[in-house]
Chemist: 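Right, I'll just put the structure down here and ask away after.
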Amino acid sequence: MEIPTRYDSSIESKWYDYWIEKDYFHSVPDEREPYTIVIPPPNVTGKLHMGHMLNNTIQDILIRKARLEGKNACWVPGTDHASIATEAKVVKMLREKGIKKSEITREEFLKYAWEWKEEYGGIILQQLRKLGASCDWERTSFTMDEVRSEHVTKAFVDLYNKGKIYKGLRIINWDPDAKTVLSNEEVIYNDEPGHLYHVRYRIEGSDDYLTIATTRPETILGDTAVAVNPKDERYKHLEGKKVIVPMVNRVVPIIFDRYVDIEFGTGSLKITPAHDPNDYEIGLRHNLEVIDIFNEDGTLSEAAHFYVGKDRFEVRKLITKDLEEGGHLVKIEEYNHSVGRSERTNSVVEPRLSEQWYVHTEELAEPALKSVMEDVIEFFPKNQKNTYRHWLENIRPWTISRQLWWGHRIPAWYLDVDGETKTFVAENENKALELAIKETGNSGLKLSDLKQDEDALDTWFSSWLWPISVFNGFFDKKEIDYYYPTTVLVTGWDIIFLWVARMIMAGYEWKNEKPFEHVYFTGMVRDKKRRKMSKSLGNSPDALKLIEDYGADGVRFGMLSSSPAGGDLLFDDKLVEQGRNFSNKLWNAMRLIKGWEIDDKIETPVENRLAINWMKNRLNQVIEELDGLYEKYKLSEALMTLYKFIWNDFFSWHLEVIKPAYGQPIDRFTLNETIELFETTLTLLHPFMPFVTEEIWHYIKEREDGDDCVVSKYPKAESYDQALLDVVEKVKTIVTKIREVRNSKGLKPKDKLKLYAKKSDSLLDLLDSEKISGIKEKILKQAFLSGLELVDSEEIENTIPFMAANEKFMLESNIEIDIEAEIAKIEKEIVYQEGFVASINKKLSNQGFVNNAPEAVVNMERKKLADGEERIKILKESLKTLKK
RNA sequence: GGGAUCUUAGCUCAGUUGGUUUAGAGCGCUGCCUUGACAGGGCAGAGGUCAUGGGUUCGAAUCCCUUAGAUCCCA
């Protein structure tokens with residue numbers, strides 16, 4: 001049978017289908033320990049991008065590892081309805097069809113939206129399968145499906161009844177394009193160039209003026225006061241006075257408030273309570289009138305009196321001109337200031353006074369803060385705790401209503417009773433009607449008398465319930481009791497407030513328990529120039545194309561190999577290529593092994609026994625290292641550890657020793673043991689590279705049905721012989737040195753040469769160790785030597801002298817050696833070694849060091865010193881010989 | 001304006017409570033190799049005053065302070 005020399009990753013889909021057919025990813029509660037992950041639900045209409053690939057690769061590694069360890073691994077997939085984003089897409093789609101949202105009913109709009117969702121929704125889940133994500137697809141959830149919606153409604157009603165949800169008039173962030181409120185977390189602030197306008201207001205009953213500075217002159221029309229700092233000596237005399245607002249000629253008070261920054265601008269501040277959150281607060285303190293001069297689309301309203309119907313930015317220009325003509329404008333300065341824009345529409349957010357629904361977050365925040373600060377929930381990396389604490393300690397009410405249709409409609413019904421609006425919050429309209437009848441005593445009320453709130457809920461109001469709702473947690477005790485709290489949440493730090501903190505709050509509110517044990521924060525995927533990957537920059541590679549070109553294993557390797565927890569991933573095709581090459585290396589190692597025939601007449605060579613013994617010990621050492629790395633979620637390092645172990649130790653050292661001459665058979669013991677080692681190695685690597693490991697798993701051995709890598713047994717670390725590992729390391733340095741000598745002297749790497757070694761106790765000990773045999777044979781084979789002879793002499797004709805592992809060697813060669821160069825080299829080495837010895841001597845002659853440092857450290861230094869002195873001695877002898 | 005994190009090889013990063021030969025890895029680079037698993041390969045090599053200046057200590061990449069620079073969060 002011919003096996004191609006290149007690994008072909010197109011076999012991946014075959015294995016994915018096979019795993020699904022075997023139902024390996026489905027989980028039901030049983031007596032085993034659960035290992036649970038809920039996916040951060042991607043937008044239902046989203047497409048797989050680099051961030052998803054990183055995030056889901058990490059989750060898949062963890063879940064596959066848990067599965068191999070025999071835990072009941074459950075990874076719940078799903079999607080998010082993403083209200084603003086999806087509604088925007090639907091609106092755009094309708095506009096292209098010539099339909100305006102304002103011209104159709106809510107019901108019609110929702111029908112279009114659901115059609116759209118059915119058509120494009122869930123593509124991303126198909127794409128995750130290509131990546132190898134081993135989700136339990138039977139559990140696929142959607143934040144707006146029936147079960148999840150029931151949770152949303154129940155949570156809302158419950159909070160309302162507990163008094164933790166309320167409706168209030170506040171200054172909110174208004175998006176004039178989307179015509180909806182935004183939460184603070186949906187506003188992106190950036191410094192933008194602008195102007196600082198100095199405008200003078202005449203003081204009533206005098207010819208004096210008070211000059212204020214503002215970046216938004218158009219809001220002058222809504223001014224209801226001017227404020228100065230009570231400590232500001234310049235304005236003390238104005239107490240009790242009033243000023244006249246330009247244009248509108250409104251007489252407003254001069255107020256004194258500590259909020260005003262004496263240093264900034266002119267030290268006096270105009271107050272527009274309707275259009276600035278700070279002004280609003282000041283307004284409340286001083287009982288100021290609130291005049292809203294804007295319409296919901298950002299144009300000026302009747303209340304402004306001037307420029308009615310014109311856009312706010314146009315008005316800014318117009319009023320500047322008019323103020324100047326009226327003699328009110330003092331000067332204009334260039335000024336950079338922070339401008340908030342909508343995360344979705346990029347329009348400049350307008351602070352606006354509006355009635356919205358809020359969650360009272362202070363009480364919810366308390367247990368959420370405590371559990372993270374006390375490491376009841378552990379963050380990886382830890383430093384995200386600070387960010388988290390800062391936000392929760394300064395938490396503000398959460399605006400949960402949105403002026404959108406796509407989402408969970410707020411379960412509040414209104415009834416006008418004698419000109420007063422009463423609110424009834426309930427799971428459904430019938431229950432609301434019951435409440436209304438009970439409260440009003442009017443049994444004649446009908447459903448049509450009630451009017452439901454038009455607004456939908458913030459998307460995050462459904463996602464914060466996700467770890468509960470995916471297990472039907474409000475209604476099914478068995479599932480939630482088994483899977484909750486989940487084991488680990490893997491997500492980006494950019495949604496630590498939007499999502500992570502709120503899930504923790506919800507967990508304590510409804511389950512009185514954390515939602516997850518650990519949170520692993522991934523970094524952002526950036527390009528090589530550290531730019532965030534984005535569609536507009538065009539620097540984001542096509543995820544599916546990458547999988548097609550390099551295989552999912554290659555992509556997973558690339559994503560992981562340079563992605564410490566929390567740190568940014570600088571994506572580079574090169575990394576993915578390295579992953580693909582690794583798959584190919586594994587493939588070819590398999591080809592090599594499969595090509596060997598067993599001959600039972602062959603005795604196992606002694607160096608093979610040593611090699612196998614060494615590999616087994618190394619393997620245990622690696623397993624132990626991996627356990628430690630997994631525990632700390634250092635997955636990139638775990639992958640690198642495996643990569644180096646497999647490529648260097650297993651393939652480059654082990655296979656090269658045991659490899660029979662071309663066309664020759666191998667002994668049974670060596671081959672079987674090597675296959676066994678390979679098999680264990682595949683299990684270790686499987687979480688990272690599931691496809692290639694499964695493929696090779698089935699090549700290296702005949703398998704019975706169900707004997708698959710994906711469900712193989714993860715090995716437990718056993719003890720290992722450190723002394724043996726040290727000895728082999730020493731052998732490797734000797735072999736490497738011989739290769740280097742050949743290399744630098746232009747000798748062929750595979751010509752059989754004889755090696756002489758100066759007899760020493762340590763060398764005798766190494767080569768004739770009673771415990772470890774096969775050392776000499778291993779050196780002979782790996783360094784292509786015809787023999788190794790121990791001699792007393794320092795000098796042998798036709799040899800090249802060199803040092804390795806503190807021993808002196810001479811390699812047979814009749815080439816002329818450049819004695820001058822050789823002397824220079826050795827002298828340079830002596831200088832280095834003497835410096836080394838001197839530095840240790842200095843340490844050891846320091847009484848403070850000898851007295852204070854631990855004994856082991858001092859002994860180590862003494863050993864270093866002795867070794868260094870020994871090297872100098874040998875070098876000096878060599879020098880003497882050369883100079884003769 | 002307030003806060004956080006960071007600065008180690010050309011690049012991307014490890015480096016645990018200060019002590020394991022005068023700092024490690026991967027990539028890249030340089031040289032050599034190539035009918036025999038794999039050029040998507042093999043062997044070897046070069047590369048660093050651990051940002052700066054000071055301090056603590058017997059001992060500092062590691063702890064403290066200064067300065068410079070970078071990134072991020074909040075307002």
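Values below: every heavy atom of this structure, side chains too, minus hydrogens, waters and symmetry copies. Here is the naming used below: chain letters follow the sequence lines, and residue numbers restart at 1 for every chain.
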Chemist: Going by the side chain to side chain donor-acceptor pair (under 3.5 Å) test, which pairs reach into residues 578-589 of chain A, not counting sequence neighbours?
Modeler: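 Residue pairs passing side chain to side chain donor-acceptor pair (under 3.5 Å), neighbours aside: A:Q578-A:Y643, A:N588-A:R591.
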
Chemist: Please enumerate all protein N or O atoms sitting under 3.5 Å from an N or O of nucleotides 70-75 of chain B, with distances to 0.1 Å.
Modeler:
residue : atom : partner : partner atom : Å
B:rA75  : OP1  : A:R396  : NH2          : 2.4

Chemist: Under 3.5 Å between N/O atoms: give me all the protein pairs with nucleotides 19-22 of chain B, atom names plus distance.
Modeler:
residue : atom : partner : partner atom : Å
B:rU21  : O2   : A:R871  : NH2          : 3.2
B:rU22  : OP2  : A:K864  : NZ           : 3.3
B:rU22  : O4   : A:Y832  : O            : 3.2
B:rU22  : O4   : A:G835  : O            : 3.2
B:rU22  : O4   : A:F836  : N            : 2.3

Chemist: Only one of A:Q621, A:M640, A:R618 clears side chain to side chain contact (heavy atoms under 4.5 Å, CB included) with A:F645; which?
Modeler: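 Passing option: A:R618.
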
Chemist: Please set out all donor-acceptor pairs under 3.5 angstrom arising from side-chain atoms of residues 725-734 of chain A, sequence neighbours excluded.
Modeler:
residue : atom : partner : partner atom : Å
A:D726  : OD1  : A:Q722  : NE2          : 3.0
A:E729  : OE2  : A:K732  : NZ           : 3.2
A:K732  : NZ   : A:D649  : OD1          : 3.4
A:T733  : OG1  : A:K730  : O            : 2.6

Chemist: Rounded to whole angstroms, how far apart are CG on A:L586 and P on B:rG41?
Modeler: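 Result: 12 Å.
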
Chemist: Indicate, with a heavy-atom threshold strictly under 4.0 Å, whether A:R742 touches base, sugar-phosphate, or nothing.
Modeler: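 Counting heavy atoms under 4.0 Å across all strands, no contact is made by A:R742.
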
Chemist: Any N or O donor-acceptor pair linking the side chain of A:K585 to the base of B:rC38 at under 3.5 Å?
Modeler: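 Side chain to base: pair found, below 3.5 Å.
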
Chemist: Taking for each residue the nucleotide of RNA chain B bearing the nearest heavy atom, is the 5' side occupied by A:L655 or by A:K634?
Modeler: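 By nearest-heavy-atom nucleotide position, the 5'-most residue is A:K634.
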
Chemist: Taking ring pair (Phe, Tyr, Trp, His ring centres under 6.0 Å) as the test, write out the residues that go with A:W697, two or more places apart.
Modeler: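 A:W697: no ring pair (Phe, Tyr, Trp, His ring centres under 6.0 Å) contacts found.
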
Chemist: Polar pairs (N or O, both sides) under 3.5 Å between protein and nucleotides 43-48 of chain B?
Modeler:
residue : atom : partner : partner atom : Å
B:rC43  : O3'  : A:R739  : NH1          : 3.2
B:rA44  : OP1  : A:T736  : OG1          : 3.3
B:rA44  : OP1  : A:R739  : NH1          : 3.0
B:rG45  : OP1  : A:E740  : OE1          : 3.4

Chemist: Using atom P of each nucleotide, how far apart are B:rA68 and B:rG31 to the nearest Å?
Modeler: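 About 44 Å, rounded to a whole number of Å.
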
Chemist: Name the residue closer to the 5' end of RNA chain B, choosing between A:N846 and A:A589 according to the nucleotide with the nearest heavy atom.
Modeler: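 Result: A:A589.
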
